[in-house]
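Data first, discussion second: the structure below is written as structure tokens.
A note on names: the letters A, B, ... follow the listed sequences, proteins ahead of strands, and every chain is numbered from 1.
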Amino acid sequence: MKRRLATVAGLAALLLVVTATPAFAQDATAADVQIVLDNIWVLVAAVLVIFMQAGFALVEAGLTRAKSVSNIMMKNLMDLSAGVLAFGAVGFAIAFGAGNDWFGTEGWFLNTNHFTDGYFGTLTLPTFFIFQVAFAATAATIVSGAMAERTKFKSYFIYSFALTALIYPVVVHWTWGGGWLNDIGPGFTDFAGSTIVHSVGGWAALMGALVLGPRIGKYTKDGKPRAIPGHSIPFAILGVFILWIGWFGFNAGSELAADLAVGPIALTTLLAAAAGGVGGVATIWLKTGKPDAAMAGNGVLAGLVGITAGTAAVGPWAAVLIGLLAGVIVVYSVFFFDRIRIDDPVGAISVHGVCGAWGTLAVGLFATDGGLFYGDGLALLGTQLVGVVAVFVFVTLTAGALFAGIKATVGLRVPREEELAGLDIAEHGAPGYAPDAMPAGTPSPLSAAAGAAAVVS
Amino acid sequence: MKRRLATVAGLAALLLVVTATPAFAQDATAADVQIVLDNIWVLVAAVLVIFMQAGFALVEAGLTRAKSVSNIMMKNLMDLSAGVLAFGAVGFAIAFGAGNDWFGTEGWFLNTNHFTDGYFGTLTLPTFFIFQVAFAATAATIVSGAMAERTKFKSYFIYSFALTALIYPVVVHWTWGGGWLNDIGPGFTDFAGSTIVHSVGGWAALMGALVLGPRIGKYTKDGKPRAIPGHSIPFAILGVFILWIGWFGFNAGSELAADLAVGPIALTTLLAAAAGGVGGVATIWLKTGKPDAAMAGNGVLAGLVGITAGTAAVGPWAAVLIGLLAGVIVVYSVFFFDRIRIDDPVGAISVHGVCGAWGTLAVGLFATDGGLFYGDGLALLGTQLVGVVAVFVFVTLTAGALFAGIKATVGLRVPREEELAGLDIAEHGAPGYAPDAMPAGTPSPLSAAAGAAAVVS
Amino acid sequence: MKRRLATVAGLAALLLVVTATPAFAQDATAADVQIVLDNIWVLVAAVLVIFMQAGFALVEAGLTRAKSVSNIMMKNLMDLSAGVLAFGAVGFAIAFGAGNDWFGTEGWFLNTNHFTDGYFGTLTLPTFFIFQVAFAATAATIVSGAMAERTKFKSYFIYSFALTALIYPVVVHWTWGGGWLNDIGPGFTDFAGSTIVHSVGGWAALMGALVLGPRIGKYTKDGKPRAIPGHSIPFAILGVFILWIGWFGFNAGSELAADLAVGPIALTTLLAAAAGGVGGVATIWLKTGKPDAAMAGNGVLAGLVGITAGTAAVGPWAAVLIGLLAGVIVVYSVFFFDRIRIDDPVGAISVHGVCGAWGTLAVGLFATDGGLFYGDGLALLGTQLVGVVAVFVFVTLTAGALFAGIKATVGLRVPREEELAGLDIAEHGAPGYAPDAMPAGTPSPLSAAAGAAAVVS
Amino acid sequence: MQLVTAVIKPHMLDPVKEALRDVGASGITVTQVSGFGRQGGHTETYRGAEYQVDFVPKIKVEVLTDVGGADKIADAISRSARTGQIGDGKIWVTDVGHAVRIRTGEMGIDAI
Amino acid sequence: MQLVTAVIKPHMLDPVKEALRDVGASGITVTQVSGFGRQGGHTETYRGAEYQVDFVPKIKVEVLTDVGGADKIADAISRSARTGQIGDGKIWVTDVGHAVRIRTGEMGIDAI
Amino acid sequence: MQLVTAVIKPHMLDPVKEALRDVGASGITVTQVSGFGRQGGHTETYRGAEYQVDFVPKIKVEVLTDVGGADKIADAISRSARTGQIGDGKIWVTDVGHAVRIRTGEMGIDAI
Ligand SMILES: Nc1ncnc2c1ncn2[C@@H]1O[C@H](COP(=O)(O)OP(=O)(O)O)[C@@H](O)[C@H]1O
Ligand SMILES: Nc1ncnc2c1ncn2[C@@H]1O[C@H](COP(=O)(O)OP(=O)(O)O)[C@@H](O)[C@H]1O
Ligand SMILES: Nc1ncnc2c1ncn2[C@@H]1O[C@H](COP(=O)(O)OP(=O)(O)O)[C@@H](O)[C@H]1O
């Protein structure tokens, strides 16, 4: 058998040549090993980030109604599937290809002639792309929750493609891609994407929810918001757990290398999440007398979104503060959007948009190097503000135009009957929770048990 | 406290000696670190592959009825538990032990005298075994879905033991274990097991479903197939997400080393999965007008199975094509097996058997070294065909005999009454979804709510 | 764009200086890379351990009733959130700070002046803390299941804070922190915490369940135990799968370094889990004629808890035996506690307390260095016994006092009405499974479908 | 006494409840049911296979009343549950021999 | 008018529905119920503890009909729901004072 | 024959079942229902927003009996379902024209 393993090794070696990467032999140097370690670590981090898609799907599914649960799951699965192809073909080049200060113009279809060895430091193109595409899919999927229970699947598909291929990549180019936001003041600082990823998703969610309008029944005739409880808190909290662990990949992987800075990053991530959970639950508890489970989950996520920008720039104490405040902010933000009649079933705008902005600004306050509270003045804070506002304006305009365009052409919202009955049957053909079929093959009459799925009119 | 940490370190050092592995001191060379990195990476990959068991369990549970949900979960948990013991005791030796071209005859019970240091290159026996046993459990568990809702638990247990201990290891010996399929033409190429793992599971599933016959109610009197919708699309899609991320371990871990080839492998894996999802959903959408959630999930899995053989041998474009076509193929294949009255509730035969074969053949078309489309003629394609056919014949014969034998002795199928009522109560004692017990301790009468669980006759 | 990536790299380098960790340049030595690898590996392991929180939440949710499902999920989310802060502020110093043989007295709030570089060998403070806090949260969350369905949320919060900040850290100081248990005989050996983590949780669970008393309806008037089936076996088994994979981080990460000992540790972990599953299912099958799903899950977990102490000290055969026996023991232990009227809905006392003790003692029997069966006499076994007893006494006393204190002040148990109706509405405001709201915004009357949630009196 | 039974569309429960409160009904008992009638069901597709779902979710409302009250109650339901589209449902009235309030043991009209 | 109520085995709903369609019933209302009778329940075991489940899932079928139709309908159900084994269920008929079709306000026999 | 219908609190089903067995009832049919009455509902809060849940879970119990038996049965239910608190529920009795045992086709009193 040793003979054959040798064959396999030979094949692998061959492959190494084919893919034009340096081969490591017995005489590999420490630098060679470090390069491999960088790539392995970032790949593992990328896997964690991709796992976050499951977390988003579960949070969104849990906080919405059973009658549209298939639809939510499908949106999350398909925006990843379509997003990988769209970002690989177009978005990645716009984001990271050479070009101008505003967008990249080279490197379409992961062109290896453009993205040559060393372009991404020690990371290979595949490693870097996989990590980045997971971020693009995150930005896209955030919107899904805010538009839940009333959006046409086809229209969501179009939106998701456009965001992943065009809108998100432009913002990335401005920042991580080397564009203009690096040249403002001390340079805009958003280590892992509070603004670049989460606010992009959050502001797009805002426009989506705005153009769509609230779900039927969300507001009384006199405009007071009504609670529409989610159908599965266990799904939602499981989703929060998955997002929490995925975020270690999100933040610590954004170091884009395996080094000792990874630990401190993971630590601020952990502390902010914990503080966000405590802040969120304390706030809602004090306000309503009940430690609401969904808000506790939102608090954890708010803490995570909040720390994302400054995870590598702030210390542990600041991380706790940033997270705690994010947990408080998210509760008030949810109330605010509820009141102004923007119906966001899962709190995506508040968690990702608002707390993303908070986290980005917080860098200007707490950064050990440049932060206001460290006596370094307003320069960084001002820069952060420019970045937050620029991204807000860009995304609300482009995403707003996108949704308005979809609405005017293929339509954005399902018909009233379909919304009342739930999206699963009309959009996807069958209920997400089918009652057990009777022995004779006909489904049992109890469609109602798992959430009233048939067409009511 | 430093004193004590030293104690711990001493203990660990001692252990290193005990387990006969080279100790790394301050003066570790880069090669030493690389060896550790190889082992750590493959272990992390193995954990991802083991996590796939949860994914399989959820996909299968979600696409079948609530009344047999415990049974599905138990089958998945126990085929891993029993499989680890069976493969460790017997299967691993047959697969990787020295022997002849057909099977190994040495190294029973993970014998360290046989599997000496260096036998698996830089990987230690524990690392290599853990990675491989996760593959064996995958092959076994594929069958569980196809035989769902009507198989005796005891009989499944026997099957699963036999497949893990005997059938699967023989196929592994033919290929990764250094057997005869390496000597055909340019050598059979199945990097991570489209055929070796997935088709083995898929063809065994085919024989299982064939010997069992369809579920009661699956076909009308005139033989037309009826839909029996699964009870939880969210479970199914969560399962798909878990399988997707697990597959990065499956494919990239199959490099059996930490090197820069891992990135390109992960990339083809990601692209094929995405393309498979898009291909599957597009096909069913065009055919029926509805983007079916279960089929979208099957599409993603089909793409993953399809790329598994060629993940290290083909480029990104080919990966997209292989995945896309797998997504198309899986839909037609599901229709085909439905029509010929082979009742496979989760599409396991189509996803793993058929798309596993497709992926293996696709290597002959798209391999950058040897592929037909790269101008290298039919030699590789022919070899791949020989492998596909050989494994098909071997597995259908042995698994067919196994199932026929079980049927003739302990029986394979539960009694009609039990099948109608669901397997959970009769096989495992209690429903998978028990209604909340009333305060007095008696379960509420509403057994029906979560899917009619009592014995109807 | 290369320019900008350089900027990013510069920033990262800067950060390295800021956080006072050695910077790795092109001329990194193999030892430098090894240090990074140690930290990366332990961080990845920590992420796996944190993921176990989701596993615990699901096992506990699955094995209890739907009407308190939010409460269980919340307890698991909040004991992690609050636990991170409590352990960071206080517990970590007590556990690992310098002090006396009984507890640490320095290093509050992760004080970097106390925990200087090198304090934790090659691990940085962030890495070591994140790994350890995940263990603290594990100890805390074990109790949640045993006290399920009848504990005030507020009171659980207080308990969880106290255990994480005070009780658990003391036990850690005795052992991993360098305290007195290292000085008994050959030194108490509990590699990854069968006693230190699991028994601490298990014995605290015992006291919690004892002080609380059984759930209403758990016992007939003549004292016979009644079954109160859990509401979702799929949740429970999914939780088991997650715990299983998380345990690779738990045990193999406890090596606290990336070396070749990690493989053998992972192997004993895998084998014991598999054997535990087989042992548990075989025992319950023989006793009742049914392969119970919940017991199979308990068997796997029992095997994992059992191997945790000796995972690095015993060989594969011993691992199989330890796991198998743990699987047998857990079944009889569950029966025992049921009979003596200690109502532990999920079997936490048996899995973590009893099997933790078993696993710790088993080291004294099977350790290849020092074990009775390896001819090394009773010294180690005696030492293990001392540790097991000491921890039992300490935890039952302190946790007992804690629960009694809570009971006497804020109260421990919810009112009878609330317990009958389920904790979700009264404690958290809304049901865990809300029926789909009707279009008009009012929830449908069918609260009953997902488990009768309204206040009955 | 009489029992007024109505089968209505699920989302009309709210207005019906209000209407009944307005006419002074002291209580209601509600059941989730499935109906089959002129409204017809719908077709679903799963993994490409079509199947027919014949039953439509409905809500059954039962109100116990004294003889004189039945008409008023039937009328209130009829008005408040009407959308004018097929499937609005039925109301029927049956005689009830006697009634008991469990809590007090009160009989007849006092029980309601 | 009359109301025919039947309690049947869940998997006989399909044939009963067909039989009712054949005899011209214009509509059916169906409820999931649990029955307790001669058929008896069964024992379940969970984590080694046995417990008795007394109730068996059943389906209740209600058909409103004019007086003449009740026998025909009861007969159709009786034939189509019969398996000959214990637990096949019961049929009973009650008088209905009056009926309304909500959509139109039609009364009496026209309402059905 | 007569049909005794009772709406009770869910956790009183067990004692009611025992009581009915004691007075010789041959069978019971049970339905999950939701009730609205004096007992009132309760307020829930979700993500900080309050909402009113008006309906309370109840269990409906139906027992078919010969004319003489109805009182005994109503009495047994009334005694066994009583907690003395608001919301204990109602019992009512209706006349049943005829009854059939599906398994055998037996009619009238023999069917029960
Ligand atoms: N003959 C009947 N017996 C019992 N229930 C009926 C009958 N006819 C209709 N129903 C119930 O009334 C509902 C509405 O009836 P349908 O014929 O669809 O519309 P409409 O009420 O507008 O005539 C049905 O879904 C069914 O539940
Ligand atoms: N006296 C009764 N009152 C109400 N429902 C009854 C009565 N007897 C039987 N049933 C219902 O009919 C179902 C079947 O009755 P059962 O006695 O088990 O068998 P069979 O109908 O063959 O005599 C029961 O499950 C119950 O729902
Ligand atoms: N008039 C009525 N018609 C139908 N059901 C009623 C009526 N009044 C009460 N009920 C049912 O009885 C239950 C208990 O009634 P309620 O008024 O709350 O208390 P009590 O029975 O103590 O008077 C209600 O929840 C409802 O299901």
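Between C/Phe235 and C/His231, the two ring planes are perpendicular [angle over 60°; tilted spans 30° to 60°]. Between C/Phe120 and C/Phe128, the ring-plane angle classifies as parallel under the 30° and 60° cut-offs.
At a 4.5 Å heavy-atom cutoff, the contact between B/Leu77 and chain C is made by backbone and side-chain atoms alike. Contacts of C/Val278 with chain B are made by both backbone and side-chain atoms, with heavy-atom separations under 4.5 Å. The contact between C/Leu238 and chain B is made by backbone and side chain atoms together, counting heavy-atom distances below 4.5 Å. Proximity to chain C is absent for every atom of B/Asn71, based on heavy atoms less than 4.5 angstrom apart. Only the side chain of B/Leu58 comes within contact range of chain C, with at least one heavy atom under 4.5 Å from a heavy atom of that chain. Only the side chain of B/Val133 comes within contact range of chain C, with at least one heavy atom under 4.5 Å from a heavy atom of that chain.
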For C/Thr64 and C/Glu149: C-alpha separation, side-chain torsions, deciding distance, then whether side chain to side chain donor-acceptor pair (under 3.5 Å) applies. CA-CA 7 Å; C/Thr64 53; C/Glu149 303 200 68; 4.7 Å; no
Between B/Phe135 and B/Phe250, does the ring-ring contact (aromatic ring centres under 6.0 Å, His included) criterion hold? Intermediate values first, please. CA-CA 8 Å; B/Phe135 278 59; B/Phe250 201 93; 4.0 Å; yes
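Taking the side chain to side chain donor-acceptor pair (under 3.5 Å) definition, one finds that B/Thr164 meets it with nothing, sequence neighbours left out.
Formation of a donor-acceptor pair under 3.5 Å by the C/Thr105 side chain with backbone atoms of C/Ile94 is not found in this model. For the pair B/Glu60 (side chain) and B/Ala148 (backbone), a donor-acceptor distance under 3.5 Å is absent. For B/Gln34 (side chain) and B/Ala258 (main-chain N/O), a donor-acceptor pair under 3.5 Å exists by modelled atom type.
Between chain C and the options B/Gly83, B/Pro126, B/Ala82, the largest number of non-hydrogen pairs under 4.5 Å is found for B/Pro126. Contact tally against chain C (heavy-atom pairs below 4.5 Å) for B/Ala46, B/Gly429, B/Gly88: the top residue is B/Gly429. Of the listed residues (C/Val281, C/Ile284, C/Thr220, C/Ile233), the greatest number of heavy-atom pairs within a distance under 4.5 Å of chain B belongs to C/Ile233.
Interatomic distance, B/Leu43 CG to B/Phe131 CZ, rounded to the nearest 0.5 Å: 10.0 Å.
For residues 47-55 of chain B, a heavy-atom distance under 4.5 Å to chain C picks out B/Val47, B/Ile50, B/Phe51, B/Gln53, B/Ala54, given by residue number.
Heavy-atom contacts from other residues, nucleotides or ligands closer than 6.0 Å to CZ of B/Phe157 number more than 12.
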